[in-house]
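Presented below is the structure to which this report refers.
Since this is a predicted model, take the numbers as computed values, not measurements.
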Amino acid sequence: MRLATWNVNSIRARLPRIVDFAVREHIDVLAMQEIKCKTDQFPYEAFEEAGYHVAAHGLNQWNGVAIASREPLEDVEIGFPGMPGFAKGHDGPDAPQEARAIGATVGGVKVWSLYVPNGRALGDPHYYYKLEWLSALQEYTSETLSRTPDLAFALTGDFNIAPTDADNGVPQMVQGFSTHISPPEREAFAALEAAGVADVVRPLIPTGYTYWDYKQLRFPRNEGLRIDFILGSHAFAQAVTGAQIHRNERKGEVPSDHVPVVVDLDLTGPEADEDRPMIFG
DNA sequence: ATGCCTTCTGGGAGAAGA
């Protein structure tokens with residue numbers, strides 16, 4: 001199985017490009033973020049014509065997540081249990097949830113497409129929302145893996161955190177002034193990993209970014225961020241045989257500001273373990 | 001310590017992104 005995650009920054013603005021990529025690269029499961037449309041505005045037909053089933057969740061012009069799959073999607077979940085909400089004029093548990101998480105089971109793998117809140121600025125209410133959202137995700141992950149430790153389980157998406165200094169290629173982003181690199185955000189990411197999921201791409205692709213801002217020549221200067229990840233449980237990580245970051249998708253006509261991150265999985269069993277990269281310990 | 005780009009929208013100036 002070939003699994004990809006991609007913050008597409010509007011599914012309608014670049015639909016052919018996204019479907020073409022999925023078909024050309026033989027993607028079996030494509031987790032998308034920032035579809036920027038309502039559920040019923042999603043261009044299902046184009047994916048179906050290309051041989052994909054789709055589960056989408058969008059409430060308005062912001063956020064929005066979806067999963068396209070060659071095999072049928074089972075047990076689709078909108079939002080993860082305990083996911084906090086956020087809205088202007090709302091605070092605390094009454095805040096409505098945003099369209100930032102959709103999960104489904106495909107071929108025995110539980111896959112989440114996640115769009116972690118941006119945070120906007122250090123100290124902004126959105127920043128605290130981001131940290132709460134990540135804490136709730138950690139809680140959900142921990143609970144899930146303690147209940148079903150052998151589950152092939154993956155958190156994929158735009159985490160809006162550059163976990164190490166090497167993941168930040170933007171000179172203007174400096175510690176103490178910027179979201180995405182602050183210690184509390186990095187601690188939240190580490191806590192998520194400690195809950196039982198590992199970055200399955202980094203051992204295979206140690207360097208490189210997944211996002212470059214549209215302005216200020218960020219892409220030509222290669223001033224990007226690595227903020228899009230595939231975090232897998234032990235059972236998931238054991239099945240990984242390869243990974244790719246499709247940097248070329250940042251080029252050409254109307255690109256997204258993010259590029260696809262891909263992993264190959266061999267889910268036939270533990271026989272072939274010897275040939276696979278060591279991801280956990 | 002930001003918005004030079006890009007997207008969206010019962011309305012086109014404002015919100016949001018990282």
Side-chain angles (χ1 to χ4, degrees), chain A residues 5-18 32-43 56-66 85-90 95-101 113-131 133-134 157-186 188-189 208-229 245 247 249-261:
Chain A
T5 184
W6 194 1
N7 179 324
V8 296
N9 185 18
S10 170
I11 187 67
R12 292 175 295 176
R14 50 189 61 83
L15 175 63
R17 192 177 170 136
I18 293 160
M32 291 168 273
Q33 302 86 39
E34 280 209 90
I35 61 173
K36 288 189 170 174
C37 67
K38 296 177 185 175
T39 302
D40 61 10
Q41 294 175 314
F42 191 95
H57 174 49
L59 297 171
N60 49 41
Q61 69 268 47
W62 295 300
N63 317 309
V65 284
F86 184 86
K88 257 182 193 160
H90 287 266
Q97 291 187 341
E98 298 183 300
R100 295 184 177 274
S113 178
L114 304 171
Y115 180 43
V116 176
N118 168 289
R120 295 181 187 164
L122 300 182
D124 191 286
H126 208 260
Y127 177 77
Y128 298 111
Y129 167 52
K130 179 180 193 173
L131 294 176
W133 201 95
L134 287 161
D158 176 359
F159 286 77
N160 271 321
I161 298 170
T164 76
D165 289 343
D167 301 325
N168 173 22
V170 184
Q172 288 82 351
M173 282 181 62
V174 292
Q175 192 64 259
F177 294 92
S178 303
T179 61
H180 297 64
I181 59 171
S182 74
E185 289 165 274
R186 286 177 170 176
F189 191 87
Y209 307 127
T210 64
Y211 161 89
W212 297 261
D213 203 330
Y214 287 120
K215 59 186 184 307
Q216 296 170 307
L217 299 172
R218 289 289 193 233
F219 185 62
R221 294 173 189 271
N222 196 28
E223 296 175 346
L225 299 170
R226 185 192 279 230
I227 54 177
D228 300 272
F229 299 102
I245 297 175
R247 192 178 189 282
E249 285 303 317
R250 186 62 180 77
K251 303 176 182 175
E253 293 290 304
V254 288
S256 171
D257 41 4
H258 296 250
V259 296
V261 177

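Between the CG atom of A:Leu122 and the P atom of B:dA1 there is a distance of 12 Å, given to the nearest Å. Atom CG of A:Asp124 and atom P of B:dA1 are 15 Å apart (whole Å). What separates CG of A:Asp158 from C1' of B:dA16 is a distance of 13 Å, to the nearest Å. Protein atom OH of A:Tyr127 is 17 Å distant from nucleotide atom P of B:dA1, rounded to whole Å. At whole-Å resolution of the value, NE2 in A:His180 and P in B:dT2 are 14 Å apart.
A distance-only check finds no donor-acceptor pair linking the side chain of A:Arg226 to the backbone of A:Thr164 [under 3.5 Å]. Side chain of A:Ser256 to main chain of A:Asn7: a donor-acceptor pair is present (N/O by atom type, distance under 3.5 Å, no hydrogens or angles).
Heavy atoms of A:Phe159 sit nowhere under 4.0 angstrom from any nucleic acid atom. Within 4.0 Å (heavy atoms only), A:Arg221 reaches no atom of the nucleic acid at all. At a threshold of 4.0 angstrom between heavy atoms, the contacts of A:Asn7 are confined to the sugar-phosphate backbone, with no base atom among them.
Annotation: side-chain contact (heavy atoms from CB on, under 4.5 Å) contacts of A:Pro184 (sequence neighbours excluded): A:Tyr127, A:Leu131, A:Ser182. Residues passing the side chain to side chain donor-acceptor pair (under 3.5 Å) test with A:Trp6, sequence neighbours excluded: none.
For the P atoms, the distance from B:dT7 to B:dG11 is 22 Å, rounded to whole Å. Atom name P, nucleotides B:dA16 and B:dG10: the rounded distance is 15 Å, in whole Å. Here the separation of B:dA1 from B:dG12, taken at their P atoms, is 32 Å to the nearest Å. Across the P atoms, B:dT2 and B:dA13 are found 25 Å apart, a figure rounded to whole Å.
No option in A:Tyr128, A:Trp133, A:Tyr129 other than A:Tyr129 meets the ring pair (Phe, Tyr, Trp, His ring centres under 6.0 Å) test with A:Phe86.
Comparing A:Gln172 and A:His126 against DNA chain B, the residue whose closest nucleotide sits nearer the 5' end is A:Gln172.
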### Message
What does the B/S/- profile of nucleotides 3-11 of chain B look like, 5' to 3', with a 4.0 Å heavy-atom cutoff to protein?
### Response
BBSSSSS--
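Between A:Glu249 and A:Arg17 there is a salt bridge, since at least one side-chain N of the basic residue sits less than 4.0 Å from a carboxylate O of the acidic one.
Using a 4.5 Å heavy-atom threshold, the side chains of A:Ser113 and A:Gln33 count as touching.
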